[in-house]
Undergrad: 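Pasting a structure below so you can have a look.
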Amino acid sequence: MPSPQLPRAVFAMDPVHLPLLFPPPLMERLRCTADIDPGLVVRDFTDPAAADALASAEVLITGWGCPHLDTGALTAAPKLHAVLHAAGSVRSLVGDALWERGVKVSSAVTGNAVPVAEYTLAMILLVGKDAFDHRERFRRTHTYPGPAQTAATGNLGRRVGVIGASRVGRRLLELLRPFDLTVLLHDPYVSPAEAAALGAESLSLEDLLRHSDIVSLHAPDIPETHHMLDRGRLALVRDGGVLINTARGALVDHEALADELVSGRLSAVLDVTDPEPLPAASPLYNLPNVFLTPHIAGSLGNELERLGRIVVEELERLVAGLPPAHEVRHADLSRVA
């Protein structure tokens with residue numbers, strides 16, 4: 001019997017990411033599962049050179065740099081029935097036209113959540129040891145701290161407030177379990193019983209801010225969460241508290257946050273900001289109580305292979321007639337990051 005015809009798949013992303021997402025063994029698995037040309041990567045759905053590829057595409061393998069899948073893109077790809085996203089959230093990628101057409105959408109967001117949660121865990125533990133403060137003091141004095149300078153140092157019983165039981169938030173809660181920390185959670189979609197099963201105590205946002213030593217943001221970037229940490233809510237965080245943001249900069253009123261950081265009342269670990277990057281004149285670049293990184297918490301370097309592996313496995317499931325293991329539904333986008 002002849003072998004079944006492989007589905008036609010097309011890459012749509014910035015080609016710079018392709019070798020890390022799909023190193024040779026993964027690319028070979030991909031080519032055994034779909035009719036795909038590794039040398040053809042679409043970056044502009046209106047490009048006449050991409051017209052033939054899109055016209056026959058049944059599956060789009062997307063990633064960072066993929067343009068928005070609007071009505072025009074869907075018109076150019078009449079056979080499209082699945083989008084497999086080799087990156088995180090698809091919120092900015094897909095729109096109503098795609099959902100209305102019933103195209104299946106899968107994302108490697110669960111794979112991207114792993115390094116973000118790992119980065120956050122590392123920062124929580126370093127903050128608990130006052131590592132950044134001690135580094136600054138050691139640079140200035142070249143002397144070891146005395147007991148008075150380490151009295152408040154340590155992770156035993158440190159209260160960590162997690163805002164958002166997103167994929168990253170849930171992964172972080174798993175990683176926090178082995179440590180002697182008190183974990184608090186705010187998520188309007190999570191019941192107290194579910195929070196307890198996740199290893200956390202459920203609190204209102206305001207109570208979480210009041211009772212946490214360290215606050216870590218993992219909520220989705222949607223209109224309802226824009227500036228959810230405004231001036232009033234930031235004021236609820238105790239003196240000496242630390243904010244960690246690896247989610248989206250727009251969740252925080254950055255003008256209000258800058259005032260708190262410049263005053264020295266709060267400290268912060270910021271992998272995301274609003275705007276991104278911050279203006280060159282921003283004081284946050286040079287404040288000793290701010291640890292600022294250039295959006296590195298998500299998948300980078302060899303971590304991209306994890307995302308590619310998820311996409312290959314999803315395509316293999318698709319060809320086998322199985323439902324996606326990492327399917328994204330329209331309703332999901334208002335609840336998780």
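All figures in this text were calculated on a predicted structure; none of them were measured in a lab. As a basis for the values below, the full set of heavy atoms in this structure was taken, side chains included, without hydrogen atoms, waters or symmetry mates.
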Undergrad: Looking only at non-hydrogen atoms, find the nearest pair between R101 and T75 and report the distance.
TA: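 Minimum heavy-atom contact is NH1-N, 4.5 Å.
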Undergrad: What residues form a side chain to side chain donor-acceptor pair (under 3.5 Å) with T293, not counting sequence neighbours?
TA: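 For T293, the residues satisfying side chain to side chain donor-acceptor pair (under 3.5 Å) (neighbours in sequence not counted) are Y119, D271.
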Undergrad: Checking the side chain of R233 only, and the main-chain atoms of M228 only, is there a donor and an acceptor separated by less than 3.5 Å?
TA: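 It does hold such a pair.
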Undergrad: Taking distance alone, no hydrogens or angles, what donor-acceptor pairs closer than 3.5 Å link side-chain atoms of residues 53-68 to residues at least two apart or in another chain?
TA:
{"unit_1": "S56", "atom_1": "OG", "unit_2": "D52", "atom_2": "O", "d": "3.4"}
{"unit_1": "S56", "atom_1": "OG", "unit_2": "A53", "atom_2": "O", "d": "3.3"}
{"unit_1": "E58", "atom_1": "OE2", "unit_2": "R8", "atom_2": "N", "d": "2.9"}
{"unit_1": "T62", "atom_1": "OG1", "unit_2": "H85", "atom_2": "ND1", "d": "2.7"}
{"unit_1": "H68", "atom_1": "ND1", "unit_2": "S92", "atom_2": "O", "d": "3.2"}
{"unit_1": "H68", "atom_1": "ND1", "unit_2": "L93", "atom_2": "O", "d": "3.1"}

Undergrad: For the CG atom of L176 and the CG atom of L198, what is their distance to the nearest 0.5 Å?
TA: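 Separation between the atoms: 11.5 Å.
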Undergrad: Go through the structure and list residues passing side chain to side chain donor-acceptor pair (under 3.5 Å) with R248, not counting sequence neighbours.
TA: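 Once residues adjacent in sequence are excluded, R248 has no partner under the side chain to side chain donor-acceptor pair (under 3.5 Å) criterion.
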Undergrad: Looking only at non-hydrogen atoms, find the nearest pair between T246 and A297 and report the distance.
TA: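 Nearest pair, atom of T246 first, then A297: CG2-CB, 4.2 Å.
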Undergrad: So, do L304 and S299 sit near enough that their side-chain heavy atoms are less than 4.5 Å apart?
TA: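 A side-chain contact exists here, since the closest heavy-atom pair is under 4.5 Å.
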Undergrad: How many angstroms lie between OG1 in T273 and CD in E276, if you round to the nearest 0.5 Å?
TA: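 Taking OG1 in T273 and CD in E276, the distance rounds to 5.0 Å.
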Undergrad: Table please: side-chain donor-acceptor pairs of residues 277-285 below 3.5 Å, with sequence neighbours left out.
TA:
{"unit_1": "S282", "atom_1": "OG", "unit_2": "L284", "atom_2": "N", "d": "3.2"}
{"unit_1": "Y285", "atom_1": "OH", "unit_2": "L278", "atom_2": "O", "d": "2.8"}

Undergrad: What's the shortest heavy-atom distance between Q149 and Y144, and which atoms?
TA: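 So the two residues come closest at OE1-O, 4.4 Å.
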Undergrad: Any donor-acceptor pair under 3.5 Å linking the side chain of N289 with the backbone of L266?
TA: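 Yes, N289 side chain to L266 backbone: donor-acceptor pair under 3.5 Å.
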Undergrad: Which heavy atom of R91 sits nearest to which heavy atom of D221, and what is that distance?
TA: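 R91 and D221 have their closest heavy atoms at CD-O, 3.7 Å.
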Undergrad: Is any side-chain heavy atom of V269 closer than 4.5 Å to a side-chain heavy atom of F132?
TA: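 Heavy-atom side-chain distance check passes, below 4.5 Å.
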Undergrad: Check the orientation of F22 and F11. Use parallel for under 30°, tilted for 30 to 60°, and perpendicular for over 60°.
TA: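 Tilted, since the angle between the ring planes falls between 30° and 60°.
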Undergrad: More than 12 heavy atoms of other residues, nucleotides or ligands under 6.0 Å from CZ of R238: yes or no?
TA: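 Counting other residues, nucleotides and ligands, CZ of R238 exceeds 12 neighbours.
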Undergrad: Check step by step if side-chain contact (heavy atoms from CB on, under 4.5 Å) holds for H134 and T150.
TA: CA-CA 9 Å; H134 288 306; T150 59; 3.9 Å; yes
Undergrad: Between E303 (side chain only) and L300 (backbone N and O only), is there a donor and an acceptor less than 3.5 Å apart?
TA: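 Such a contact is found between E303 side chain and L300 backbone.
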Undergrad: Please confirm whether the backbone N or O of R158 pairs with a side-chain atom of D213, one donor and one acceptor, at under 3.5 Å?
TA: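 Judged by distance alone, no pair lies under 3.5 Å.
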Undergrad: Tell me the closest heavy-atom pair linking G111 and R306, and the distance in Å.
TA: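 Of all heavy-atom pairs spanning G111 and R306, the closest is O-CD, 3.5 Å.
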Undergrad: Any sub-3.5 Å donor-acceptor pair from R171's side-chain atoms to A117's backbone N or O?
TA: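 Pair absent, no side-chain N/O of R171 close to backbone of A117.
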Undergrad: Tell me whether S191 contacts the main-chain N or O of E194 through its side chain, where contact means a donor paired with an acceptor under 3.5 Å.
TA: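 It does hold such a pair.
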Undergrad: Mind checking whether V215 and I163 have side chains closer than 4.5 Å, heavy atoms only?
TA: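 In contact.
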Undergrad: Which atom pairs, donor and acceptor, lie under 3.5 Å between side-chain atoms of residues 309-316 and protein residues at least two apart or in another chain?
TA:
{"unit_1": "E314", "atom_1": "OE1", "unit_2": "A325", "atom_2": "N", "d": "2.8"}
{"unit_1": "E314", "atom_1": "OE2", "unit_2": "S106", "atom_2": "OG", "d": "2.5"}
{"unit_1": "E314", "atom_1": "OE2", "unit_2": "A325", "atom_2": "N", "d": "3.3"}
{"unit_1": "E314", "atom_1": "OE2", "unit_2": "H326", "atom_2": "N", "d": "2.9"}
{"unit_1": "E316", "atom_1": "OE1", "unit_2": "R29", "atom_2": "NH2", "d": "2.9"}
{"unit_1": "E316", "atom_1": "OE2", "unit_2": "R29", "atom_2": "NE", "d": "3.1"}
{"unit_1": "E316", "atom_1": "OE2", "unit_2": "R29", "atom_2": "NH2", "d": "3.2"}

Undergrad: Applying side chain to side chain donor-acceptor pair (under 3.5 Å) as the test, list every pair that has at least one member in residues 32-51; sequence neighbours left out.
TA: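 Sorted result for residues 32-51: D44-T46.
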Undergrad: Between the main-chain N or O of A256 and the side-chain N or O of D253, is there a donor-acceptor pair closer than 3.5 Å?
TA: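 Yes.
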